[in-house]
Amino acid sequence: MGPLLSLGAGLLLLLLWARYKGLGYVLVHHRWVFVCLFLLPLSVLFDIYYQLRAWAVQRMHSAPRLHHQRVQQIQAQVQEWKKEGQKTYMCTGRPGWLTISLRVGKYKKILKNITINLMDILEVDTERQVVRVEPLVSMGQLTAHLNPMGWTIPVVPELDDLTVGGLIMGTGIESSSHIYGLFQHTCVAYELVLADGSHVRCTPEENSDLFYAVPWSYGTLGFLVAAEIKMIPAKNYVKLFYEPVRGLKAICKKFAEESENKENHFVEGLVYSLDEAVIMTGVLTNNADTRKVNKIGNFYKPWFFKHAENYLTTNTTGMEYIPARHYYHRHTRSIFWELQDIIPFGNNPFFRYLFGWMVPPKISLLKLTQGEGIRKLYEQHHVVQDMMIPMKSLEQCIEAFHSDIKVYPLWLCPFKLPNNPGMIHPKGNETELYVDVGAYGEPRTKHFEAMASTRQLEKFVRNVHGFQMLYADCYMTREEFWEMFDGSLYQKLRKELQCAHAFPEVYDKICKAARH
Ligand SMILES: Cc1cc2nc3c(=O)[nH]c(=O)nc-3n(C[C@H](O)[C@H](O)[C@H](O)COP(=O)(O)OP(=O)(O)OC[C@H]3O[C@@H](n4cnc5c(N)ncnc54)[C@H](O)[C@@H]3O)c2cc1C
Ligand SMILES: *[C@@H]1O[C@H](CO)[C@@H](O)[C@H](O)[C@H]1NC(C)=O
Ligand SMILES: *[C@@H]1O[C@H](CO)[C@@H](O)[C@H](O)[C@H]1NC(C)=O
Ligand SMILES: *[C@@H]1O[C@H](CO)[C@@H](O)[C@H](O)[C@H]1NC(C)=O
């Protein structure tokens with residue numbers, strides 16, 4: 001009843017205010033009003049609906065049995081598209097506002113959209129230590145299912161709403177990626193429905209070209225209908241160490257050392273200014289000193305990036321035991337640090353204790369309701385980028401970010417990049433240590449100009465043999481894009497699988513011109 005009542009009261013207040021000031025004005029200049037009164041309660045209701053649904057489906061054990069039938073429905077839609085004369089490209093029928101990426105592809109409305117109703121966990125195989133899932137299974141759903149059974153996946157990307165399909169077709173990373181690689185590197189098999197309507201399975205041994213070409217292809221080789229992901233035993237706590245580090249050189253050196261140290265199960269850096277950072281390292285454990293347990297995920301707790309910043313302000317190191325699930329989703333409540341721009345007083349204790357239980361608003365609902373005004377404002381005054389660069393270029397990279405956009409905190413997340421075939425791999429023959437540098441927020445450089453500044457960063461990233469995540473705004477030309485990514489295997493498969501008339505090329509799906 002709580003969320004429903006708040007929703008009713010919120011709507012009423014919003015309407016009164018909108019009548020007084022004009023709806024457009026309120027929505028653009030006081031977005032928090034709308035978010036707090038309306039979106040927060042709605043987000044809670046959404047979550048309840050999805051959790052009930054997942055519970056009901058699992059409960060009836062119908063998922064594996066119906067899976068086959070649901071795949072046939074997808075194949076039938078592809079056959080239908082063929083019969084209709086392959087008039088336009090195909091894409092998934094998931095509405096653009098539901099995805100986590102802040103941008104919505106223009107193509108959704110005009111392409112033949114294929115309904116993919118695949119959101120269930122199919123099988124937990126404890127012997128092979130593999131979980132088989134459908135592509136719309138979300139991270140929240142998966143960890144909630146596995147943890148009580150004593151299992152987890154090696155790389156749990158942060159936000160609850162990220163889906164297996166999106167993480168494989170795009171990118172998935174977490175602070176354990178320095179050991180396990182990206183989300184794609186923890187997968188052992190994919191099943192796809194291809195442009196000819198056939199259903200294939202691929203692994204590193206079987207159809208291996210396809211297996212290596214799928215990640216980063218963004219749905220342009222076929223429809224993913226199932227994936228097998230490795231599992232590891234879950235533990236109850238992460239023993240987390242915090243260390244403030246000053247000086248850019250010292251930060252990069254310390255961060256690289258910790259990332260190479262295999263005894264750290266987790267490594268993460270938060271850079272608060274050009275020469276101040278907190279570096280965190282964690283170890284999974286079942287035993288905790290109860291006096292040092294910090295349940296950072298509880299709704300009334302301070303936002304995690306603010307909590308970590310304290311160690312910098314007080315110039316002290318620290319150690320805490322954090323319940324594992326709280327750790328995995330430590331940036332979820334504040335959407336990294338995006339929420340401070342939407343609800344400026346969101347970390348205030350009064351707000352946290354009273355309304356914190358409804359936070360965060362669902363990104364999908366934020367997008368659905370943002371309107372053209374806010375979208376334009378955001379595009380020109382807000383950066384959301386993840387750039388993945390070799391660890392050896394980190395110092396240069398932070399300097400480049402500083403002079404082009406000056407967004408803090410910066411998120412540093414190390415990862416291992418094996419030399420597999422496919423769109424991304426290191427320049428040399430060997431597995432190389434990379435780092436994801438994430439910038440989310442308002443640029444503080446005076447000369448910021450969305451296109452020019454992003455292009456500057458993209459150029460830097462290409463030059464050091466790095467990669468830009470595909471969900472973000474990409475201002476590169478086609479030539480520049482294929483300079484950054486290795487298209488050889490991808491293009492070979494596009495030909496073999498007759499994708500030319502079935503799916504757009506990945507660049508045409510993600511470039512600036514293709515999205516609003
Ligand atoms: C605020 C924010 C926070 C983020 N946090 C993280 C984070 O903590 N860790 C992280 O790793 N990443 C993070 N990301 C990036 C995120 O990983 C990518 O945006 C990811 O690709 C989005 O996943 P999604 O589930 O929304 O997928 P979608 O955006 O729905 O999917 C991405 C693409 O994959 C294709 N696709 C999806 N399912 C299928 C299918 N079944 N068949 C064929 N094609 C398919 C679609 O064509 C789509 O274009 C974040 C992004 C934002 C904006
Ligand atoms: C799917 O395509 C139909 C037209 O064929 C369109 O009306 C609908 O809006 C599309 N769905 C999405 C999610 O865009
Ligand atoms: C922080 O503490 C370290 C040692 O604990 C000390 O060397 C350093 O000078 C301190 N820095 C500041 C800015 O106080
Ligand atoms: C890569 O490996 C091949 C043989 O596998 C070797 O001939 C070549 O010199 C290596 N290149 C580099 C840059 O190490």
Side-chain angles (χ1 to χ4, degrees), residues 101-103 170-173 177-178 181-184 215-218 248 251-252 255-256 259 269 271 274 336 379 382-420 422-428 431-441 443-445 447-488 490 506-507 509-515:
S101 167
L102 300 178
R103 302 288 175 247
T171 323
I173 188 167
S177 287
H178 65 298
L182 300 175
F183 192 84
Q184 69 197 63
W216 294 70
S217 69
Y218 237 58
L248 183 57
I251 292 169
C252 298
F255 187 71
S259 306
V271 183
L274 186 57
F336 287 84
E379 194 169 301
H382 199 88
V383 169
V384 178
Q385 287 286 350
D386 279 273
M387 298 294 195
M388 317 182 108
I389 48 120
M391 183 67 86
K392 56 177 184 260
S393 308
L394 179 58
E395 188 181 331
Q396 251 182 308
C397 183
I398 295 177
E399 276 167 349
F401 271 61
H402 186 81
S403 69
D404 289 335
I405 55 175
K406 214 173 274 177
V407 169
Y408 292 103
L410 287 175
W411 191 51
L412 301 187
C413 184
F415 69 101
K416 182 182 82 168
L417 185 61
N419 186 25
N420 292 345
M423 273 176 67
I424 64 159
H425 50 76
K427 194 163 187 195
T431 295
E432 191 172 338
L433 190 59
Y434 267 62
V435 50
D436 174 19
V437 182
Y440 326 111
R444 302 283 173 204
T445 44
H447 51 79
F448 178 81
E449 203 275 308
M451 171 148 149
S453 307
T454 313
R455 279 188 58 74
Q456 191 82 12
L457 276 186
E458 289 166 342
K459 186 168 170 211
F460 169 83
V461 172
R462 277 198 306 281
N463 285 342
V464 298
H465 203 76
F467 313 99
Q468 178 180 34
M469 272 204 207
L470 300 178
Y471 78 85
D473 281 347
C474 163
Y475 290 91
M476 289 187 282
T477 63
R478 188 185 304 274
E479 289 68 35
E480 289 164 344
F481 181 84
W482 286 118
E483 209 179 293
M484 176 179 283
F485 295 99
D486 181 350
S488 50
Y490 173 75
V506 55
Y507 176 78
K509 223 173 158 178
I510 65 102
C511 68
K512 196 62 199 138
R515 286 170 164 171

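Between the side chain of Thr445 and the main chain of Lys406, no donor-acceptor pair closer than 3.5 Å is present. Between the side chain of His447 and the main chain of Ser403, a donor-acceptor pair closer than 3.5 Å is present. Within the 3.5 Å criterion, the main-chain N or O of His425 finds a donor-acceptor partner in the side chain of His465.
Contacts of Glu432 classified as salt bridge (Lys or Arg N to Asp or Glu O under 4.0 Å), with partners at least two apart in sequence or in another chain: Lys392. Scored by the side-chain contact (heavy atoms from CB on, under 4.5 Å) test, Cys397 finds Ile389, Phe401, Val437, Phe460 as partners (sequence neighbours excluded).
Interatomic distance, Thr171 OG1 to Tyr471 OH, rounded to the nearest 0.5 Å: 8.5 Å. The CD1 atom of Ile173 lies 10.0 Å from the CD atom of Gln184; values are rounded to the nearest 0.5 Å. Taking CD from Glu479 and CD from Glu483, the interatomic distance works out to 9.0 Å, rounded to the nearest 0.5 Å. In this structure, CE on Met451 lies 9.5 Å from CD on Glu458, to the nearest 0.5 angstrom. Note: Thr431 OG1 to Asn419 CG = 7.0 Å, rounded to the nearest 0.5 Å. Between the CD1 atom in Ile510 and the CE atom in Met476 there is a gap of 6.5 Å [rounded to 0.5 Å].
Val435 is listed as a side-chain neighbour of Phe255, based on a closest heavy-atom distance under 4.5 Å. Counting only heavy atoms from C-beta outward, the side chains of Met388 and Leu417 never approach each other to under 4.5 Å.
Taking every heavy atom of both residues into account, Val461 and Met484 meet most closely at CG1-CE, 3.8 Å. Of all heavy-atom pairs between Val464 and Ser393, the closest is CB-OG, 3.6 Å. Closest non-hydrogen pair, Leu433 versus Ala256, comes out as CD2-O, 4.4 Å. Scanning all heavy atoms of the two residues, the minimum distance from Thr454 to Gln385 falls at CG2-NE2, 3.4 Å. In this structure, Tyr434 and Lys427 approach most closely via the heavy-atom pair OH-N, 4.4 Å. Of all non-hydrogen atoms in Met423 and Phe467, the two that sit nearest each other are O-CE2, 4.3 Å.
Residue Phe481 is tested with Tyr507, Trp216, Tyr490, Tyr475 for a ring pair (Phe, Tyr, Trp, His ring centres under 6.0 Å); the sole match is Tyr507.
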Working for side chain to side chain contact (heavy atoms under 4.5 Å, CB included), residues Gln468 and Met387: CA-CA 5 Å; Gln468 178 180 34; Met387 298 294 195; 3.7 Å; yes
Chi angles and distances behind the side chain to side chain contact (heavy atoms under 4.5 Å, CB included) call for Val407, Tyr440: CA-CA 7 Å; Val407 169; Tyr440 326 111; 5.7 Å; no
